[in-house]
Every structure is written in structure tokens, then in C-alpha cells.
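By convention in this document, chain letters (A, B, ...) are assigned in the order of the sequence lines, proteins followed by strands, and residues within each chain are numbered from 1.
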Number of protein chains: 2
Amino acid sequence: MVTIHDVAKLAGVSVATVSRVVNENKRVAEKTRTRVEWAISELNYAPSVLGRNLRTSKSNLLLVLLPSISNPFYTEIINGIEDTAIARGYNILLCETDSNPKREAIYFNLLRNRLAEGIISMDPSVNKNKLLELAESYPVVQCSEYDTESPIPYVTIDNEQAAYDAVTHLIESGHRKIALINSDERFLYARQRQNGYEKAMQKHGLPIRDEWVYNAEHLRFGAGQKAIRTLLQLHDRPSAVFAVSDVYAIGALKEIHRLGKKVPEDIAIIGFDKITFSDMAFPTLSTIAQPMYEMGCISAEMIMDEISGVNVNSRVLEHKLIKRDST
Amino acid sequence: MVTIHDVAKLAGVSVATVSRVVNENKRVAEKTRTRVEWAISELNYAPSVLGRNLRTSKSNLLLVLLPSISNPFYTEIINGIEDTAIARGYNILLCETDSNPKREAIYFNLLRNRLAEGIISMDPSVNKNKLLELAESYPVVQCSEYDTESPIPYVTIDNEQAAYDAVTHLIESGHRKIALINSDERFLYARQRQNGYEKAMQKHGLPIRDEWVYNAEHLRFGAGQKAIRTLLQLHDRPSAVFAVSDVYAIGALKEIHRLGKKVPEDIAIIGFDKITFSDMAFPTLSTIAQPMYEMGCISAEMIMDEISGVNVNSRVLEHKLIKRDST
DNA sequence: GTGAAAGCGCTAACAT
DNA sequence: ATGTTAGCGCTTTCAC
């Protein structure tokens, strides 16, 4: 490995001068600078991030914590984070936790070791206490999922209102028996969307039956298929379904079709997120659009501001009802 | 930040002893070990990756280079890489290059700086020369895309044979006019699959018309939609299409449906990869299954073997024709 | 069994 | 304008 010493030797200067050139410090004579730059390219020298970090605690690296890379919802947020980070000279390190506390701990340590300068958490199953403890000493931002009672800044949408809008759309389309495919209630967004569902139903004097609320296990197409199978077997069958994720909704769409029924005639479906696939499904999926890309951009801005000592405020962004063929 | 010195002080020992305990070196008295361990947990100490790396060049970090996180094809490979790496104590750093040489350079430097110990490249647009140069000094493995003439070990499938199988399936279903939706011909897989397409056509004495070969721009659904629109406008229209990616095929499926035509009656479609969504599309997509997860596992094994000095050989894995409703 | 000290590559005072 | 040097947190000889 080529070190700063090799360059200094070849250029016939001290390591300090090389460091000055590399860091674009002004106080170097033009002639010296040229010679050093020549030596650098001659040796194909790249400064060690390790050595630099150790000295300056500056890695220009951001950690992004997410439960799984397989969900397209995160994919689009990440695009936003990346573009924004890159523009300000930061690079990101994607950390898939798989909801595994051990892996989470490894990534937290990366931050505590100053290998990264800040962390954006999108993991709903993150250990809230550990994250809070981390946030006391290091820059932390939460994206999408957050904690109502913690001081950690976040960017999100109004999940309750969004769910309310989705269900109201179904009601206004003439549905009275509306089911909910929810994910794990441990997650804040799941509870908030369930609240929105319930409020919309109550507002219109519609009954909520326990058996119409289905909690899916994993965030996969298969879970949506299983959910709709259960719902369709009910004695008192719902005529419409609100799924808290497009992934569930698309699985449901597929399964309904496989069973020879029609959407929205036999049963209407609305999803949540507006992932790219939602427009490729048959029929096209009505959904609640989250500004994923923007959420990514904003959380990246927030974390970089925090790092540079600027005060940041949480943000609640706008969602949008997208009416398509499934309702 | 808590350092090894803090722990040493609290435990009343030297930093060397703390280091021994942390690294599970045998030569520490039971009593001392207990006291040190107590101090560690008392202070919530986590060894600095930075300091350790600088000394040992051991980061237990793997770099994974990919063009875009949005393609589900990569997602499943990454799952395989992650599971395998984690099992052997490595963590991975996902690096999205967006086919941008500058970003590529940043990640290469991470390797040259020993911040990571090896790199798995899945980027078809990677700079072959730079990668080759890197491979002379550091562990490098290519996954899916590779270079026929370079000594860098790779894991892939037989793209030509797989494409041949896909097209043969269409021919055996009675099609004679078969179009190809390909991606950028700069990519090896694109050229190989085109070869397979041509060989299958020639083998059965079928004509290949230039206008039946469409090169899409970006790997997005929209590109598939655009491609099929062009193909359907041809005077001499193909009755079947082989798309080199499920993403193109699904876009095509959607567009055909939107135009009021039927698959496979009006036009048959076969894709490539077998991404999860291919089974959610309407109709379900026939495709060539790549063992993505396995490819990930094997490339991870390969890179870790390389790192530990074990000799590794390139691997060509089996593909499989999946007949579903679109053909 | 344990400690002292050198040194990994780098930056930033401080000196010249 | 440039060089000298301490020290970032850690591991690892080499003494004791």
C-alpha cells in the first residue's frame, strides 16, 4: 500500500506538505504542489480513510439502517438519500438489519467508532432505547418510522390521515364492509393506519368487525395472498380491502384473480406506498402515494445538517390518494 | 468515546491486557479477565474498528458493487451474499455506482485503504481495466457479469444456453416470428443472450429481422413498455417476444394489456431472471430462472476464501425454464 | 501473566 | 512556505 511517506519521499518534501496538497490547503508553493501532485499520480496514491478518520473523526460516511432491502418502498427512499448525500460529498453504507438486534449492534458500533458520522434509521423494529441512547451522543434521524416520545428528529407522513383518506375513498365508492390487511402492530405506522381505518369507519357509522382486521406476518407478496384467502372465506365477507402496504395489496390482487374473482367488481382493493409495481399489477392498484424519494432527500439533508451542528426539525410530508382501477 | 485506555484505567490493568481480553487471547488470568470484562460492560466499551484496522488491516467488511438497488434481480443476490457473509463474521457494504465512474473510484479506494477486505462486483458497466488493476492487489470476485479474458474469478450462468432455451420454448410453442428486447450491447450478458437467441432461430431455420431486435435504454418497466409499442407497430409483427430481463417483460405485458391485446394469444412473452414479481404479473410470466440467492452465497464464499488465501475457481450455475401463462 | 512501548497512516500544532 | 512531531485507538513484540 502506498502511504503518504512514499509520496513525500518521491517528491522530496515532508509528509505535512503532501497532506496540505491532498487537503487542498492553500499554503503550498505552486512549484511544490506540482511536484507533489506528480508524485501522487506517479505512485497512484489514495489517502487512507482509516488514518484520516482516526485523526479527524471525519469519514464522510452515512449509515442507513433498514430492515430489508427487498421492499421497494425502501429502495426509492434510498435513491433520494444517495443523490442528496453524494451531492454533499457523503457516501452511504446500507445496513440491512433483518430485524436482528445483533446486526443492529454491529452497525451502531460503526457509528460509535466514528467510522460513520451519522445514521438514518428506517427500521421499525429497531431497539428504541438503544437508538435513543445512541442519539444522545451521535447524529441520528428516523425516516418513515419514528418514536412519538423521543427527541430524535424524523421525517414521515401523516399515516392516520392517509389511512383515513384511503378508507374514505372506499366508502365513497359505495363500500360498507371494509377489511384491513395490517402488518405487525408493534410498528407505529401500523397502529396509526389502523386508527385512520377505524376513524373513517366510525365517522360514517360503519361497523368494524374483528375478523375484518387481518395482521400479516412478513412483508411479502405471499402474506397478502394468504390474508385475502382468509378474508374471502369469512361468512360475512368484506366488499373492499385496505392494505397498509402495496406489497400486501398486490399479493391480494393476484390471489383474487387466481380464484376467478374480479377486482373491483367482486372486491375492491386499495394499497399504500405507490411502489413502481403498483402500476404494473392487474388491475392497476389504487393506493396512497408516499413521497418516498423526497423523504430520502430530506432525511439525508437532516442528518448532514445535524452533523454540521445545525438544528433540525422533524417534518411531516404530504401524501396523495391515487385512484386507479382496483377501486 | 470510550477507549481502551479508559477500560484499562478502570480495571487497573494495562491496555495490552484489555486488548488480550477483547481479542480472546488465552494468556490472561481468570481473575484479571473478569475484572476487565466488568470494566468493559461498565463503560459500555466497543473497540474502535478504525484503530484495529490501522494496525491489522482487518475490517471484516465486504464491498458489494451494484449499478442500482432498484432492480430486484440484485436484491435476491444480495440476500445470499449477506446471509453467507454474516455467517462467517463479515458485514457487507452496499455500493450503488449508478454506473458513475467517480462513485466507483470512491468505493475502489475504500478497498485500497483496507477499509474493506474484498469486493464483489455486479456492475456490468464497471471499468474493466480499473477492476483488473485492483484485482492484482486485492481480492475481487465478479457476480453475474464478468470478463471472459480476465483472470478475475466469477459466478454466473450460461447466458447463451439460457437464452437459447427460452427462444426454443417459444419456437416449440409454434412461434416463428420472434422478437428480442435486449439491453445495452456493451454488457456481456446482453451479447451472450443475443447469441443464444440467434442460434435458436438459425437452428430452426427461422429468419432474424433487424427490426425485431430492440435495444432498451434503462432497466425500467417503462423501457419494456416503449419496446413493445415499437414492436407492435411494425408492419411484419412478431408473434412472440423474448426479453432479456423480467423488468422489460413485465413492462411489455402491461402495455400489451393496456392496448387491449391478449397474452399469449396475440403475442407471447418470455422474460429472464424470475424475480418475485414475475409471478404477480398478469398473466404470470414465463421466464428463465437464475439461482440468484445461490449466486450470492457462492460469490460471498469465493471472496472470503480469496481473502483467507484459498484458491477459488469460477462457477457456472444451472438455469431453469419456467413455463407459466405468458407463453 | 502482565506491562511498556513501538508503530499502523494521517493531520495539525508548533517550529523554523 | 515547509518541516518536525505528537497523538488519534489499537495490537503486538519484547521484557519482566
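- Among the heavy atoms of the strands, none lies under 4.0 Å from Asn53(B).
- Under the 3.5 Å distance criterion, the side-chain polar atoms of Gln290(A) are left unmatched by any main-chain donor or acceptor of Asp273(A).
- Checked by atom type and distance alone, the side chain of Ser68(B) pairs as donor or acceptor with a backbone atom of Ser70(B) at under 3.5 Å.
- Put simply, chain A comes within 4.0 Å of DNA chain D, heavy atom to any atom, from dA1(D) to dG9(D), going 5' to 3'.
- Within the nucleic acid shown, Thr32(A) comes within 4.0 Å of sugar-phosphate atoms alone, with no base atom in reach, counting heavy atoms only.
- Comparing the local axis fitted to the first five base pairs of the helix from dG1(C)-dC16(D) to dT16(C)-dA1(D) with the one fitted to its last five gives a bend of 40°, rounded to 10°.
- Residue pairs meeting the salt bridge (Lys or Arg N to Asp or Glu O under 4.0 Å) criterion with at least one member in residues 53-73 of chain B, sequence neighbours excluded, are Lys58(B)-Glu117(B).
- Of the residues in residues 4-22 of chain B, Ile4(B), Ala16(B), Ser19(B), Arg20(B) come within less than 4.0 Å of DNA chain D through at least one heavy atom, sorted by number.
- In this structure, the CZ atom of Arg55(A) is 8 Å from the C1' atom of dA13(C), given to the nearest Å.
- Leu54(A) is linked by a side chain to side chain contact (heavy atoms under 4.5 Å, CB included) to Leu50(B), Leu54(B), counting only residues two or more places apart in sequence or in another chain.
- Looking only at distances, a side-chain donor or acceptor of Thr56(A) sits under 3.5 Å from a matching main-chain atom of Arg52(A).
- Rounded to an integer number of Å, the gap from NZ of Lys31(B) to P of dT2(C) is 10 Å.
- Counting to the nearest Å, the C1' atom of dG1(C) and the CD atom of Glu30(B) are 13 Å from each other.
- Residues from residues 40-52 of chain A lying near DNA chain C, meaning a heavy-atom separation below 4.0 Å, are Tyr45(A), Pro47(A), Ser48(A), Gly51(A), Arg52(A) in numerical order.
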